[in-house]
Amino acid sequence: MDLTTSGGDGQNGPFMGELRAMFPKNEVVDRTLINAWDDPSFVNAVKKTGRKKLLMAGITTDVYLTFPALQAVAEGFDVYAILDASGTWNSLIEQAAMMRMAQAGVKLTTWVAVSAELQRDWATPTGPSLGRLYFDRLAPYSFLLESHNRQAWSTDL
């Protein structure tokens, strides 16, 4: 997986340090083009992976996610747009971007759905870490787990 930034040395500022820390081995492709798919180095990095299924997010849903997602689908890639890992100015803009992508064949999803689909089985070594992430970040999940644990404790009494 490569990471990309638009104008990291200019108006948009440097790539987010938190993401660099999460993915220390990943290259950051700095570009000046607004649409990442217009940058040959970005497209070549994607194609070099040999993968046809792409998980994409962007700092803005309507521009930095929509534009490359549409072009990738047009070139035969299976694109999943991770909506809650992207942002926008208001709900109307997000809805318009979602409709545009869906009409073009982009699959709309969330980080929770993607993580669960990749996890597939809680019994794998990454299961407890993902459960902890859900517990820390998703209040409804933590409530569910807390309720389950209380029921388990009450039967032990």
Side-chain angles (χ1 to χ4, degrees), residues 1-6 8 12-31 35-37 39 41-88 91 94-95 97-98 101-102 104-157:
M1 168 184 58
D2 283 329
L3 306 168
T4 183
T5 183
S6 176
N12 292 330
F15 194 79
M16 297 171 67
E18 296 86 351
L19 285 176
R20 273 193 179 278
M22 288 174 64
F23 304 102
K25 296 178 183 175
N26 298 89
E27 178 186 357
V28 175
V29 176
D30 191 21
R31 56 190 167 71
N35 180 350
W37 211 262
D39 188 322
S41 63
F42 176 80
V43 175
N44 289 336
V46 171
K47 290 180 178 179
K48 192 168 95 175
T49 68
R51 296 175 185 219
K52 293 300 279 179
K53 186 177 286 195
L54 305 178
L55 304 175
M56 299 178 89
I59 195 75
T60 62
T61 306
D62 57 321
V63 174
Y64 292 104
L65 171 58
T66 299
F67 295 172
L70 294 175
Q71 282 187 258
V73 164
E75 289 190 29
F77 286 87
D78 187 17
V79 177
Y80 290 75
I82 306 173
L83 296 170
D84 57 349
S86 305
T88 196
S91 62
E94 183 176 44
Q95 301 249 339
M98 288 168 40
M101 286 188 287
V106 176
K107 294 167 181 76
L108 308 178
T109 192
T110 65
W111 76 267
V112 174
V114 167
S115 64
E117 187 172 355
L118 293 172
Q119 180 63 41
R120 301 186 77 75
D121 184 349
W122 287 114
T124 63
T126 55
S129 296
L130 183 60
R132 184 70 212 190
L133 180 66
Y134 287 179
F135 183 83
D136 290 343
R137 301 285 184 220
L138 302 171
Y141 187 81
S142 65
F143 297 151
L144 174 71
L145 191 57
E146 201 171 295
S147 174
H148 169 75
N149 288 341
R150 286 177 192 232
Q151 289 176 5
W153 296 329
S154 69
T155 59
D156 291 341
L157 298 177

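Start at 1 with the first residue, then count along the sequence.
The OG1 atom of Thr66 lies 9.5 Å from the CD atom of Glu94; values are rounded to the nearest 0.5 Å. A distance of 11.0 Å separates NZ in Lys47 from OG1 in Thr49, rounded to the nearest 0.5 Å. Between the CG atom in Leu83 and the CE atom in Met101 there is a gap of 5.5 Å [rounded to 0.5 Å]. Interatomic distance, Asp78 CG to Arg51 CZ, rounded to the nearest 0.5 Å: 13.0 Å. Between atom CG of residue Leu108 and atom CD1 of residue Ile82 there is a gap of 11.5 Å, rounded to the nearest 0.5 Å.
Taking 4.5 Å as the limit, some side-chain heavy atom of Arg137 sits within range of a side-chain heavy atom of Trp111. Leu130 has its side chain within reach of Trp122: a pair of non-hydrogen atoms, C-beta onward, lies under 4.5 Å apart. For the pair Glu75 and Val46, the minimum side-chain heavy-atom distance is 4.5 Å or more.
The minimum heavy-atom distance linking Thr110 with Asp84 is given by the pair CA-OD1, 3.3 Å. Closest heavy-atom contact between Val73 and Ala104: CG1-O, 3.1 Å. Closest of all the heavy-atom pairs between Ala72 and Leu54 is CB-CD1, 4.0 Å. For the residue pair Lys52 and Gly76, the shortest heavy atom distance occurs at CE-O, 3.7 Å. Residue Tyr64 comes nearest to Ile59 through the heavy atom pair CD1-CG2, 3.5 Å, listed as atom of the first residue, atom of the second, then distance. Shown here for Tyr134 and Ser115, the closest heavy-atom pair between the two residues is OH-OG, 2.6 Å.
Counting only distance, with no hydrogens or angles, the side chain of Thr61 and the backbone of Gly87 share a donor-acceptor pair below 3.5 Å.
More than 12 heavy atoms of other shown residues, nucleotides or ligands fall within 6.0 angstrom of atom CG in Leu133.
Thr88 and Asp62 form a side-chain donor-acceptor contact under 3.5 Å, judged by distance and modelled atom types alone.
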